[in-house]
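All ligand and atom numbering here is 1-based and tracks the order in the structure.
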Amino acid sequence: MKKERIGDLCFFGGKQAFPNKLFVGRPNIGDRAFLHKHLDDILNRKWLTNDGVYIARFEEKLASYLGVKHCIALCNGTIALQIAFKALELRGEVIVPSFTFVATAHALQWQGIKPVFCDVDPVTFTLDPNHARELITPQTSAILGVHLWGRGCDAESIEKLARQHQLRIVYDACHAFACSHNGQKIGHFGDMEVFSFHATKVFNSFEGGAIVTNNDALAKRIRLLKNFGFSDTDQVSFLGINGKMNEMSAIMGLAGLDSLPKFLQANKENYLAYKKALSGIKGVRLMEYDDTNDYNYHNIVLDVDSAIAGVDRDCIVDLLMAEGVFARRYFYPGCHKMEPYNSNPIYQNIKLPVTERLTTRLFSLPTGTSVNKGDIQSVAEIIRLIVDNSEEINTRIHEERQPATEQVIIDESWVG
Ligand code: T4K
């Protein structure tokens, strides 16, 4: 049923639009017959992890898809980042955007490396090389860029800066599988790039990740690092960890990779459907992808200018949540405002104006193979209704406002 007046909104007593809920990050799942067949094979052969045949096949397929020399499959993106830092022997300080998922910063901190938070470019939302330049100190060992939501960092300026100061470069490419930058596939930039194949990514291996590099020596070191440092049976060469992917994850990854064209197509169609359905809503702008590169369109990110829309981002998110649309305020409030950074005196006076502006304005909407065009139309209609009636909504919300986000989260009907 189309919602036409404020009273139709669930927050104000109307019927919920999506009783079955719509989630950001709903997994895209590949061919089930393939999965079942190969799961049986894994069980029959009784080889479950530790460089099994499916892991090797997954790595080969990934390397070939990306056109990189080496791909090492790992248990998740966070451990992959940490292994990347260890392989490069990073220490001291690493420059990293605050506007990212907290795993990017935590992976540094977990290794005793100080994340030095950098602002982002207001257009691409990726690390601002000019600000990065100001943050370089004698302790800086690397720049860690994030290809946020699949849009590539300014790799050319970062490369130049790193060369001038003899810094290593790592890219967190967890959002950027199947994307390109200046005509080059993501995966080829910096010393190495790190992907995530978490359930919420464009394709997944349940949990999983990979490091890709064109550097032979680094690849060799990463392979040792992910397996406790074993260089031979009973022979440990240095401090390693258990970062291995397992066979079950590898077949999930293989199934996802085979279905990737289908996932990319669904995402692109959803993006275009959102674009059409949201057009003309004042103060609400869909994040753009230019035509010159490949994107996975896996993130539907909206920017709310409250001065024009008449309502703020949080109001729209609360009203959508009440409708069963689990929109997310990625990446609020920014890593520097999260623990352990926020209360650490060394982070007290940092100024990241672009990051701080974006964290109050952006939010993500559901997409992927679980979302259909009718869903998109309904979500956009709800947003349009909110903005068209912003004045009255603001008045009523102040009277009726409950913490809607919390209410919905503790409502367990959506779990399972
Ligand atoms: N770098 C960047 C830039 C990243 O974005 C990430 C991860 C990493 C590094 C680290 O990579 P991994 O170590 O995770 O491989 C989720 C994911 O857990 C996380 O992987 C992802 N980024 C991040 C952006 O999103 P949360 O805290 O938002 O997760 P959660 O549990 O709230 O779920 C997100 C949404 O997905 C919900 O709407 C529910 C839905 N969902 C989730 C799962 C797991 C499903 O529908 N089904 C599922 O199975 O972090």
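- Taking the charged nitrogens against the carboxylate oxygens, E247 and R57 have no contact shorter than 4.0 Å, which rules out a salt bridge.
- Less than 6.0 angstrom separates the ring centroid of Y297 from the ring centroid of Y289.
- For the residues S364, A176, G77, the heavy atom positioned nearest atom 12 (P) of ligand 1 is part of G77.
- Between F197 and N76 the shortest side-chain heavy-atom distance does not fall below 4.5 Å.
- The option with the heavy atom closest to atom 4 (C) of ligand 1, from among F326, F206, F99, F101, is F101.
- Atom 9 (C) of ligand 1 has its nearest heavy-atom neighbour, among L22, L74, D172, I79, in D172.
- One option in Q82, H198, K201 has a heavy atom closer to atom 21 (C) of ligand 1 than any other, and that option is K201.
- Where the criterion is an N or O separation shorter than 3.5 Å, residue side chain and backbone included, V24 meets it with respect to ligand 1.
- For ligand 1, the polar-atom distance check against R26 finds a nitrogen or oxygen pair separated by under 3.5 Å.
- Under 4.0 angstrom from ligand 1, the non-hydrogen atoms of Y330 all belong to its side chain.
- Heavy atoms of A107 stay at 4.0 angstrom or farther from ligand 1.
- A salt bridge is defined here as a Lys NZ or Arg NE, NH1 or NH2 lying under 4.0 Å from an Asp or Glu carboxylate O, and E269 with K373 meets this definition.
- Counting non-hydrogen atoms of neighbouring residues, nucleotides and ligands closer than 6.0 angstrom, the CZ atom of R384 exceeds 12 such neighbours.
- Of the candidates G25, A173, A105, P97, it is G25 that places a heavy atom closest to atom 41 (N) of ligand 1.
- Relative to the ring axis of Y332, R361 does not place its NZ or CZ within 45° and under 6.0 Å from the centre.
- Taking the charged nitrogens against the carboxylate oxygens, E288 and K275 do have a contact shorter than 4.0 Å, which makes a salt bridge.
- Residue-ligand proximity: G209 is placed with every non-hydrogen atom at 4.0 Å or more from ligand 1.
- Backbone and side-chain nitrogen or oxygen atoms of E207 are examined, and none is located within less than 3.5 angstrom of a nitrogen or oxygen of ligand 1.
- Residue contacts with ligand 1, taken as heavy atom pairs separated by less than 4.0 Å, involve T200 solely via side-chain atoms from C-beta onward.
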Name the atoms and distances for all side-chain donor-acceptor pairs under 3.5 Å in residues 78-97, with sequence neighbours left out.
residue	atom	partner	partner atom	Å
Q82	OE1	Q111	NE2	3.2
E93	OE1	T137	OG1	2.8

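- With a 4.0 Å cut-off on non-hydrogen atoms, H175 touches ligand 1 through its side chain and not its backbone.
- Residue S343 comes nearest to Q348 through the heavy atom pair C-NE2, 3.8 Å, listed as atom of the first residue, atom of the second, then distance.
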